[in-house]
Amino acid sequence: MKDLHRAVDAMHHPYQYSDLELERANEAIQGSPLKQFYKEYYQGLYKRILACKQKNKDEAGETGYFGG
């Protein structure tokens, strides 16, 4: 993701984006000129999103709803 605005939007509305798009959004944020504080915030948010998605997987292996 080259657009930083879209990358930040993906982090705040993860249920609207695929796992690959979320990963790319995280990479875009980490490679951006944002201050280190924000990079750490979004890195932590990305980890919480992944943990929630993993927790919400059902027996069929599909991800449940992740509200944002």
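Nothing here was measured: the structure is a model prediction, and the numbers come from that model. Along the sequence shown, the residues carry numbers beginning at 1.
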Looking at Ala7 and Ala28, what are the two nearest heavy atoms and their distance?
-> CB-CB, 4.1 Å
Rounded to the nearest 0.5 Å, how far apart are CG of Asp3 and CG of Asp9?
-> 9.5 Å
Determine yes or no for a side-chain-to-main-chain donor-acceptor pair under 3.5 angstrom, with Gln30 supplying the side chain and Glu27 the backbone.
-> no
Kindly compute the distance separating CG (Leu22) from CD (Gln16), expressed to the nearest 0.5 Å.
-> 10.5 Å
In terms of hydrophobic clusters joined by side-chain contacts under 4.5 Å, are Leu50 and Leu20 together?
-> no
Would you name the heavy atoms of Ile29 and Met11 that are closest together and state the gap between them?
-> CD1-CG, 3.8 Å
Derivation and outcome, side chain to side chain contact (heavy atoms under 4.5 Å, CB included), residues Tyr17 and Arg6 | CA-CA 11 Å; Tyr17 295 89; Arg6 184 166 182 223; 3.7 Å; yes
Before giving the answer on side chain to side chain contact (heavy atoms under 4.5 Å, CB included), spell out for Ser32 and Lys39 the whole-Å C-alpha distance, their side-chain angles and the decisive distance to 0.1 Å.
-> CA-CA 8 Å; Ser32 74; Lys39 289 181 181 184; 4.3 Å; yes
Which atom names give the shortest non-hydrogen contact between Tyr42 and Asn26, and what distance separates them?
-> O-OD1, 4.0 Å
